[in-house]
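Below, chain A is the first sequence line, B the second, and so on; all start at residue 1. What you see is a predicted model, and the numbers here were worked out from it, not measured in a lab.
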Number of protein chains: 2
Amino acid sequence: MTSNTAGGPTRRERMRAETIAEIKASARKQLQELGPSGISLRAIAREVGVTPAALYRYFDSLDALLIQLCCDFYDELIGDTREAMDASPPEDHLERMKAWVWTFRGWAVGHRREFELMISYPEGNGAMSVDGRRLEQAPEDVDPITLKSLEHSQLCGREFAGFWKQTEREGGGTPGGPPMPEVSEALAKELQDQCGAFIVGEPVPLPWVFTFTSAWIRVFGLVVMETFGSLPVQENVDEYYKTQIMAMLKDFGLEV
Amino acid sequence: MTSNTAGGPTRRERMRAETIAEIKASARKQLQELGPSGISLRAIAREVGVTPAALYRYFDSLDALLIQLCCDFYDELIGDTREAMDASPPEDHLERMKAWVWTFRGWAVGHRREFELMISYPEGNGAMSVDGRRLEQAPEDVDPITLKSLEHSQLCGREFAGFWKQTEREGGGTPGGPPMPEVSEALAKELQDQCGAFIVGEPVPLPWVFTFTSAWIRVFGLVVMETFGSLPVQENVDEYYKTQIMAMLKDFGLEV
DNA sequence: TCATTAGAGTGAACGGCGTTAGCTAAATGA
DNA sequence: TCATTTAGCTAACGCCGTTCACTCTAATGA
């Protein structure tokens, strides 16, 4: 019998979850040792102690497994980042953004192969919006990696929007640093459509959006370059990254 | 007979070169259509009209072929960039740097798949120096892609160093924009070792090196993000890129 | 309790892949 | 002319992802 009157996971479901975890663990191990292209379904089956065909009971294809892996990695990254941010109080947006920036880099560098897989995956490389829509009502037809990466970037984006609101409340209308350059109507609209939805119902002003995207680009550039080994520094990377971030904050007129 | 008294390429050599070109063309076509992982040696052989094994007369392995491809792409990129820079006179370092920045981006975006292959290739992702040595005496033990990418980055680096010399001659000691943040001895030394060799015999001052690397990171970040589709803008990318570059130059205190 | 059923796993096969070894025939150069 | 180099072939090896038909077992419902 072993019926399931309590509504919890059945014995079969538990076994299944366990096997899935085992498969993913083996895949991740291969990823770390051999890189994205070194992952082999047959090798996973061998390690798990099962026939290759058996894996198809759990994943539709190798590709589906890799996508699932990527999503897990994003969850891990998002979890780490969120935790680090929560070490500072909710009002301290600046400190929380710094925590995000630092944790993002730390995770990527500490999990190079995983990060490599995440960004090099054909679909869903971190688009900052999905058809201009917000994340809340996730559309069905969008690949999950894009959604995850959106969620990740919004983690910092919301903090930035909060920072803006706070600054506005205190009387400062525009962000510090160099003035916003002139742009066409079309670009202005697109920028605000793409990034303006971090706060519900209230679009973030253009100069702030531009400031945010500029900062994002620098962080992304730094992290990708470090992961791919093309930074101009090899041994003092930690200090270099920190210096770059600090210089960036100063550029934007933020005391540090 | 068809002997080769003139010392030029023999008939066989010409045929060989032609076949190699044909193979590379087919590989590139597959790269563009299917992406880096879609390139198949057997498919190339099929298209060239030859047995898979025959290709091994021309390349040691598929990997070797891809490396050769990457080098060709770098040559193409470097050629385009150099040509664009030479539209401005040798003394106009600022304009030449702008040409470099713009052409770099244009090539990467116009050849996404090629660029993808170049940066995602395991070894040699654009390290900015090789053991601190200069490019002139290219060491044997370094993979060719690294060398090519070094050559590419030096194209802009030399111009930047020239810009510094010119500024110094005119009396300005430090670069414009925000002041150089304080860094440790070790980081300072590494930065100068890695990037200071653009001008023979004369190390570029630290603030200038820092300025250059900061700019490089922003350009690289922009280009990679655009190539991978993770820019916050999709339709007005040209204008966005230009705006970002202009804003960056302004940050560094350069009139535009 | 017992027949039914859904799920997990197997084994064999298909077609494709990169790569190697040994062969043949043609072009080359003395 | 003749030895040598070279391009190409065939066949095979051991991987790979994926599919299909099959078995066995454990949970299910009357």
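- Atom CG of A:Leu34 and atom C1' of D:dC16 are 14 Å apart (whole Å).
- The CZ-C1' distance, from B:Phe59 to C:dG18, rounds to 16 Å in whole Å.
- In this structure, OH of A:Tyr56 is placed 17 Å from C1' of D:dA21, rounded to the nearest angstrom.
- Inter-residue side-chain proximity for A:Val224 and A:Phe115 is flagged as met; some heavy-atom pair is nearer than 4.5 Å.
- Taking five base pairs at each end of the helix from C:dT1-D:dA30 to C:dA30-D:dT1, the local helix axes there meet at an angle of 10°, rounded to 10°.
- Between D:dC15, D:dG17, C:dC17, one nucleotide has an atom nearer to the side chain of A:Ser40 than all others, and that is D:dG17.
- Partner of A:Gln32 under the side-chain hydrogen bond (donor to acceptor under 3.5 Å, both in side chains) criterion, out of A:Arg113, A:His111, A:Glu114, A:Arg112: A:Glu114 alone.
- For the pair B:Gln30 CD and C:dG16 C1', the computed distance is 13 Å after rounding to whole Å.
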Checklist entry - Run the salt bridge (charged side-chain N to carboxylate O under 4.0 Å, His left out) check on B:Arg82 and B:Asp75 step by step: do they pass? => result CA-CA 10 Å; B:Arg82 191 166 272 150; B:Asp75 284 337; over 6 Å; no

Next on the checklist: One character per nucleotide, please: for nucleotides 5-15 of chain C, 5' to 3', B when the base has a protein heavy atom closer than 4.0 Å, S when only the sugar-phosphate does, - otherwise.
Outcome noted: --SBBBB-B--

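- In this structure, B:Leu65 atom CG and C:dC17 atom P are separated by 15 Å, rounded to whole Å.
- Atom NZ of A:Lys24 is surrounded by more than 12 heavy atoms from other residues, nucleotides or ligands within 6.0 Å.
- B:Lys189 NZ: 12 or fewer foreign heavy atoms inside a 6.0 Å radius.
- In this structure the side chain of A:Thr213 reaches within 4.5 angstrom of the side chain of B:Gln244, judged on heavy atoms.
- With A:Trp100 as the aromatic partner, A:Arg96 does not meet the cation-pi criteria of under 6.0 angstrom to the ring centre and within 45 degrees of the ring axis.
- A 4.5 Å side-chain heavy-atom check between A:Leu222 and A:Arg105 finds every atom pair outside the cut-off.
- As a whole-Å value, the separation of A:Leu55 CG from D:dC16 P is 12 Å.
- Between the CD1 atom of A:Ile39 and the C1' atom of D:dG17 there is a distance of 14 Å, rounded to whole Å.
- Remark: P of D:dA27 and CD of A:Glu13 are 12 Å apart, rounded to the nearest angstrom.
- Of the residues B:Leu65, B:Ile67, B:Leu69, the one that meets the side-chain contact (heavy atoms from CB on, under 4.5 Å) test with B:Phe59 is B:Leu65.
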